[in-house]
Structure formats: structure tokens, C-alpha cells
2 protein chains.
Amino acid sequence: MKPAFHSKSDKEVALLEELKSDHVRVSAGADVILPEQSNAELYTVFSGWLFRYKELNDGRRQILNFALPGDLIGLQAALFEKSYYGVAALTDAELCVIPRRKLWRLYERMPEVAYDVTWLGAQAQSIVDENLLTVGRRNAAERIVALVASLYKRMDLLGGVRDGVMDFPLTQQHLADALGLSLVHTNKTLARLRTSGLFTVADGRLTVANPRGVGRFARYFEAPIAPRPIV
Amino acid sequence: MKPAFHSKSDKEVALLEELKSDHVRVSAGADVILPEQSNAELYTVFSGWLFRYKELNDGRRQILNFALPGDLIGLQAALFEKSYYGVAALTDAELCVIPRRKLWRLYERMPEVAYDVTWLGAQAQSIVDENLLTVGRRNAAERIVALVASLYKRMDLLGGVRDGVMDFPLTQQHLADALGLSLVHTNKTLARLRTSGLFTVADGRLTVANPRGVGRFARYFEAPIAPRPIV
DNA sequence: CGGTATATTGAGCAACCTCAATAAAGGTGG
DNA sequence: CCACCTTTATTGAGGTTGCTCAATATACCG
């Protein structure tokens, strides 16, 4: 887990601990931020998976991105009057809370951490950028591979991959909602991909047979991810 | 133009002016940041339209969002080693440059401006979020209306709308690239929308016949945009 | 042991795509 | 001022990806 993170001075850690007044546990399926919610707090993911989403009046839902340990959640929601998206827990998860009213103090007194907050925000942004490219321009098979490859790479950096196997808590419905596809077509495309032998998704686990092969297909393993700050 | 912006103290303005070492003019079609470019600077749009995009090896292109005066451009590119997207000018444009190496100083010495940078980054993020919802879950007609409505609303706040008419420098190719559609289908859908009488796009101008009607169609005019900081 | 969430498969349909040709508009050099 | 070239817009024809509807497994849960 360590190589992916920067280190911080003792003083910063102490101040951070003071700001993070709360730890919260949420269980799988729980809402963390509701769409349209006011005064949402800022969170840091300590463990577990969550996802950010938007929906239309008629129920169509688009998952914007998935959050893994170390990710920031709710930056926009904390900065604006109300949230323009929802956040739900995919698995049981632990979150650190940074109260929104203390955010300004953080900028005043801990510029380095403030910088890291911006950095993490930009990092999340670039994931959404990539998802928009995926949904806008890739076909169904490419979309699935791109998402799987992205999650695999991120999880690998967190030390969550062993022998090409990792936990994969998404249902096919989540995949469909993240990729702008219907559930049925997601299922059929997944079945077709299964025969390709690149990877398998079953029983909440993802098994990648040949990481380099997946990478070539999705042109996705190429760009390494930079070390990131912890907040 | 004023009501959309916060005001700043003289001291802050002075410091900002010092940081913005350069003004740059670019002409329509010029690249501001190339995909994969290293050491890109951070920019503030002073006048004109620009857009951020990503592309795949085979030439498929996805426009991520459009930048209007007051928007920040290149935050991720300035924060990371290299850029994961390109930026091009849609019209002639003027940009203020904030050199990337001075960004940290800004966080150290001007926490309020640092906060605003984060705010503007989050604002841009929420636009990309909305675009992802649009591309992932709306049909062709809805996509066009959603984008047009969004640009209309933003331009209106900047004072760029008079009697329901505004400059609209996008070609149909830009619309298609932003919406995840083919050029041909964009054209045909646009033609069908024309008969609906909600709005017209012609000669680089957008004319909205009935702003409230467009809003109802796209469920998009409802949420007002908050006042924003200037950087 | 029913009940709910998830996964799978078939059938038919339509939204959107690609290919291709033509019009219309603007810019440039002679 | 005209001929030419490039960019942008338009329209038709036909194909395919991905959608909806619907039925059936499969697994987990209390």
C-alpha cells in the first residue's frame, strides 16, 4: 500500500487528525450523499468501495466514477450549496469525515494539505474524463475492458491484487450504469468477452488471465499513475 | 457580467496580477495544450471559447467540456507530470497564464485564491459530470438540447445573451464530438429539432425561441448557477 | 420454503452508424 | 471579379449495435 502514497510531517498528521473529527462506517448499499442534498460533508475513503452517480427524473442512472481507499468524496458537494450527485456504498466502507465548515480553515492553515485536496480533486476529475471518453466513443466490449482495466490498475496500486485476482463488488447492473449500456447488453457482451479469455468476473472476484493482453486491448495499462497524497 | 463574480480585495488583485505573468492570444483552431504534453501551464480564460478533449489512437475524439470566460483551464495538466487531454481554441481567445511553478506559491500565500482555484476546478468537474450523464443516458435529441441549454445558461450569466440570441461557434462536428454521436446523426437530429421550434442554430448564432420551453424539455434550466470567484 | 436480487438467454425492433453523393459557404490567388 | 479549394452542412440508403420485452435459472436470505 505504501508506495502509492506520499508521506507527511508529524505536525501535518496531527492537524489532519484534529480536522477529521469523525470516522463513519457505512454498510453496502447505504447512501452517503443523496442527490440534491445540502451541506454534505467531505470524506476520505478509508476502506471499501463507493460510487458517485447522477440520475434523471425517469430513473435512468449514470454512475460517474468509483471511489477506492484514499480517494476524496464529496468535494463539489462540500464546496457548493447542494450536491449535484449522489454517493452510495458499494461494499461496507469506512470513511473519514472532514466537516465542510472546517475546509476553509484547512486552506488557511495547511496550504500543503490544501494543495493535496486540489490534487486529489484533479485526480478524480481525470477519471471522470476517461469515463466520458469511454462512454462517448468506445463500443460495448471496449467499454467493459476499459473500466475493468482501470479498476484493476487502481486496485493493484493499493495492493489489492494477488496473482491477478482481486475483489470485484460490482454487479452487472453497476457495470451497465457506469458504461451507458443496458443490463442485457452488458450481460451478453460480458459473455462474449469471457470466451476471449482475457479475464473473468464471477462471485465478486475479477481474475485477469493476462494483464498485458488486457492492456493491449484497451490501450489502458500504458500510463502509470503518479504517487498520490493522503488526506 | 458582474453579478456572476465575487469581488476581491485590492491586495489579492495585486498579487494575482503578479502571478499572471502573461497574457496570451490564440486564434481559432489553435492548440493550447496538446494531449500528452508535459509541463503545461495553468490558464484563465479572459475571452473566447475553448474546449478540452481526449482522443483514441484511431482518431475517435471526445470533447469533455467547453470553457468560457472566467473558466480555469489546465488544472490537471498543471498538477500532473503530463496532460491527459488536449485543449484547443474554438474562437480567437485571450488567456491569462499562471505558471505552473508559481501554483504552489499561490497556495502558500493566498489561501483564499487557492480555495477559489479548487472551487473552479470543482465547478468544471460538475460540468463534466453532467456531460457524462448526458452522453451515457440521454438520446440524441435530449443530448443536443441538454448541451445547448447548458451553454445558453452559462453564456447568459456572462451577459452574452441578448433577446434570446447568442454567439454559438460550434460546428456540427463539435456537437457530435461532445455528445458521443456521429456527425450525420447529429445533423439529422438537429434538423428534426428545428421543426420543434425550440431553438435554431445557424450562422454561428443560437436563437432560443422560448427559453422556458427548452428548459422543460431538458429539465435543465431549473438549477441556477452560484456566483463564482475570479482567478 | 417462499421472496428478493442477480444472472442468462431468445426474439424482435429501432436508434444510431457508415458510406456516399451533393449543396452551400467562405477564402485565396490570379 | 472569377475560378478554385476547403470547410461545413444536408440528404439518402442500407447495415449493425445495442435496446426493450419477456421468460427462466441461480443464489442468497430470513
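These numbers were taken from a predicted model, which means no experiment stands behind them. Values below: all heavy atoms of this structure, side chains included; hydrogens, waters and symmetry mates excluded. Letters A, B, ... are given to chains in the order of the sequence lines, protein chains preceding strands, and every chain is numbered from 1.
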Write down the distance between [atom1] ([X]) and [atom2] ([N]), rounded to a whole number of angstrom.
| X | N | atom1 | atom2 | result |
| --- | --- | --- | --- | --- |
| B:Arg137 | D:dT20 | CZ | C1' | 13 Å |
| A:His174 | C:dA5 | NE2 | P | 13 Å |
| A:His185 | D:dC19 | NE2 | P | 6 Å |
| A:Arg143 | D:dT17 | CZ | P | 13 Å |
| B:Leu175 | D:dT8 | CG | P | 13 Å |
| B:Arg60 | C:dT18 | CZ | P | 9 Å |
| A:Arg205 | C:dT6 | CZ | P | 19 Å |
| B:Leu90 | D:dT8 | CG | P | 10 Å |

Report yes or no: do [X] and [Y] form a side-chain donor-acceptor pair below 3.5 Å?
| X | Y | answer |
| --- | --- | --- |
| B:Gln123 | B:Asp71 | no |
| B:Gln37 | B:Asp31 | no |
| B:Ser47 | B:Glu94 | yes |
| A:Ser182 | A:His185 | no |

Polar pairs (N or O, both sides) under 3.5 Å between protein and nucleotides 9-11 of chain D?
residue, atom, partner, partner atom, Å
D:dA9, OP2, B:Gln172, N, 2.9
D:dT10, OP2, B:Gln172, NE2, 2.6
D:dT10, OP2, B:Asn187, ND2, 3.0

| field | Expected output: side-chain A:Lys54 to main-chain B:Asp129 donor-acceptor under 3.5 Å | value |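 Here the side-chain-to-backbone pair does not exist.
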| query | Under the salt bridge (Lys or Arg N to Asp or Glu O under 4.0 Å) test, which residues partner A:Arg192, sequence neighbours left out? | reply |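 A:Arg192 satisfies salt bridge (Lys or Arg N to Asp or Glu O under 4.0 Å) with no other residue.
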| Side-chain contact, heavy-atom cut-off 4.5 Å: A:Arg154 with A:Ser150? |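 Side chain of A:Arg154 against side chain of A:Ser150, heavy atoms only: contact under 4.5 Å found.
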| field | Options D:dG18, C:dC17, D:dC19, nucleotide nearest the side-chain atoms of B:Ser182 | value |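 Shortest atom-to-atom distance from the side chain points to C:dC17.
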| said: Students often get this wrong, so: under 4.0 angstrom with heavy atoms, is B:Gly29 touching a base, only sugar-phosphate, or nothing? | reply: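 B:Gly29: no heavy atom of the nucleic acid under 4.0 Å.
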| request: Have a look at B:Gly204 and say if it touches a base, only the backbone sugar-phosphate, or nothing, with a 4.0 Å heavy-atom cut-off. | output: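 No contact at all - B:Gly204 keeps every heavy atom at 4.0 Å or more from the nucleic acid.
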| message | Which is more 5' along DNA chain D, the nucleotide nearest A:Thr189 or the one nearest A:Asp203? Just name the residue. | response |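 With A:Thr189 and A:Asp203 compared, the 5'-side residue is A:Thr189.
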